[in-house]
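Chain A is the first sequence line, chain B the second, and so forth, proteins listed ahead of strands; every chain is numbered from 1.
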Protein chains: 2
Amino acid sequence: MDFSELKSVCGGCTIRELCLPAGLSDEEVLLLDQHMAHRQVVKKGESLYRTGDAFRSLFAVSTGFFKTSILHEDGRAQVTGFQMAGEILGLDAISTDQHICDAVALEDSAVCEITFDRFEELGQLMSNLQHRFNKTLSREIVRDQGVMLLLGSMRSEERLAAFLVNLAKRFAARKQSGSELVLRMTREDIGSYLGLKLETVSRILSRFHDQHLLEVKGRNVRILDQQGLNKLIEGS
Amino acid sequence: MDFSELKSVCGGCTIRELCLPAGLSDEEVLLLDQHMAHRQVVKKGESLYRTGDAFRSLFAVSTGFFKTSILHEDGRAQVTGFQMAGEILGLDAISTDQHICDAVALEDSAVCEITFDRFEELGQLMSNLQHRFNKTLSREIVRDQGVMLLLGSMRSEERLAAFLVNLAKRFAARKQSGSELVLRMTREDIGSYLGLKLETVSRILSRFHDQHLLEVKGRNVRILDQQGLNKLIEGS
DNA sequence: CTGTTTTTTTGATCTATATCAAAATATAGA
DNA sequence: TCTATATTTTGATATAGATCAAAAAAACAG
């Protein structure tokens with residue numbers, strides 16, 4: 001991991017409104033920025049943190065793409081999420097002061113490190129920041145419950161459709177194409193996240209391709225029929 | 001729902017250390033108590049709140065037992081959790097200012113209502129309280145990710161074993177028996193939570209009974225072999 | 001660029017859990 | 001208490017998705 005510090009740049013960051021500074025005034029952003037955000041690079045395949053590491057900081061994804069996964073005693077792993085620009089890594093570690101999952105970069109990435117102690121101090125000074133952060137934590141709870149719904153009561157096709165539509169939405173919110181997706185993760189990662197085997201993921205992608213819902217070429221996926229996918233999710 | 005206000009009692013509450021006041025000084029508890037905690041009763045089968053309701057308050061379960069569930073468009077429902085004394089209801093609503101699930105009492109219960117605006121103000125005054133609350137939110141994220149692990153990579157027997165062991169632990173932490181469980185929810189509720197059908201839940205309970213892991217008599221379950229259940233969870 | 005490793009696709013088969021059905025219990029209301 | 005309703009159990013059968021296997025394609029290292 002390359003810990004070389006680049007200059008802090010919240011103020012000029014293009015994804016500022018998707019990240020922790022959302023809704024803060026310029027002065028407030030400056031404070032947040034100068035006091036806490038250290039930028040660092042994580043190369044593809046490297047871990048930002050691992051299960052058991054002491055918790056010091058949250059990390060905001062600046063550029064790139066991560067996955068988080070929990071490992072079960074017996075080797076089984078469960079991917080718990082994929083994070084892209086503006087999303088916060090490490091929220092789960094606040095509860096025990098230890099990281100409870102691994103965070104691995106799926107492409108060359110950069111993150112902004114936010115020392116949590118100092119962040120909490122700043123939260124005491126800026127009620128605005130604290131209020132937003134409460135919402136950030138709550139939003140993660142909502143996201144997780146969405147995954148519970150997906151794993152607990154949707155069939156495999158519905159799960160994959162929901163996954164793709166969700167990814168597309170998040171890319172679109174970042175001014176990237178909402179229909180041309182480049183999947184940074186393997187079929188196995190997707191399967192783990194969705195509670196399916198990689199073969200099942202592959203088969204369903206092929207089926208969606210045959211049904212003209214998608215155009216699938218390896219990890220390049222183009223959504224051809226957003227409507228059709230949405231209908232699938234609702235369990236038509 | 002009976003909105004009659006009883007006197008606030010955080011200070012003398014037996015589960016204080018399992019609830020929001022955990023770790024606060026007596027003076028701090030008094031402040032929390034007097035400024036925000038309204039006690040109210042929810043009868044068995046009644047809703048504390050429903051999906052779409054405006055978010056005003058968090059609720060700490062004082063006595064009783066709740067379930068929360070999300071409803072999917074097409075009628076499918078997913079139980080997202082069961083809450084007992086000391087646990088907080090409504091954390092998911094902070095993100096959107098609307099409740100995104102239903103909370104239903106599974107037995108006659110009482111809750112302490114905590115106006116969230118005032119709670120946030122108090123968090124600004126008491127960094128201690130705010131710090132604890134950050135941990136509370138993070139703990140909910142950890143819990144949800146545990147459910148994701150369960151739904152995504154465990155088999156039906158492992159899920160049910162994990163569910164029972166978790167319930168037993170939480171009862172034990174509340175000075176109730178950790179082996180004599182009274183299940184307040186139906187087999188269908190358990191199944192929904194675990195991503196299984198009620199028949200499967202029933203069959204596995206019967207199987208555990210036959211294997212002398214449990215003694216099952218309707219909703220009364222006695223854990224006979226905690227070790228055995230733990231071994232199952234680890235995927236022996 | 002070339003050989004090696006990893007990932008993906010597709011087919012054949014198996015199995016854990018769902019579904020359908022009906023009897024047995026338990027719970028709640030009059 | 002008795003009656004109606006809801007829940008639970010158990011059996012027979014079906015099926016979605018897993019597993020095993022092998023070829024094809026892509027990614028990577030030297």
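When each of B/T68, B/D144, B/D102, B/D92 is tested with B/T80 by the rule side-chain hydrogen bond (donor to acceptor under 3.5 Å, both in side chains), just one qualifies, namely B/T68.
What separates CG of A/L205 from P of C/dT8 is a distance of 10 Å, to the nearest Å. Taking atom CZ on A/R76 and atom C1' on D/dA18, their separation rounds to 14 Å, with Å as the unit.
The partner of C/dA30 is D/dT1, judged by Watson-Crick or G-U wobble contacts that both fall below 3.5 Å.
You'll find that the side chain of A/S206 is closest to C/dT10, out of C/dT8, C/dT10, D/dT8. Closest to the side chain of A/R187, out of D/dT8, C/dT10, C/dT8, is C/dT8.
The aromatic ring centres of A/Y193 and A/F82 sit less than 6.0 Å apart.
Less than 4.0 Å separates DNA chain D from at least one heavy atom of each of the following residues of residues 194-202 of chain B: B/L198, B/E199, B/S202.
The side chain of A/S156 contributes an N or O atom lying less than 4.0 Å from OP1 or OP2 of D/dG17. Taking side-chain N and O atoms only, B/K44 has a distance below 4.0 Å to OP1 or OP2 of C/dA28. Proximity of A/R203 to the phosphate of C/dT10: no side-chain N or O atom is located under 4.0 Å from OP1 or OP2. Between B/R219 and D/dT7, a side-chain N or O to OP1/OP2 separation shorter than 4.0 Å is absent.
Taken from CG in B/L18 to CZ in B/R170, the straight-line distance is 11.0 Å, to the nearest 0.5 Å.
Within 3.5 Å, no donor on the side chain of A/R207 pairs with an acceptor on the base of C/dT9, nor the reverse.
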Inset, instruction - Mind running side-chain hydrogen bond (donor to acceptor under 3.5 Å, both in side chains) on B/T115 and B/R56 for me, showing each step along the way? - result: CA-CA 6 Å; B/T115 312; B/R56 288 245 161 56; over 6 Å; no

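Between B/E157 and B/R203, no side-chain nitrogen of the basic residue sits less than 4.0 Å from a carboxylate oxygen of the acidic one, so the salt-bridge criterion is not met.
In this structure, B/H99 and B/F55 have perpendicular ring planes: the angle between them is above 60°, well past the 30° mark.
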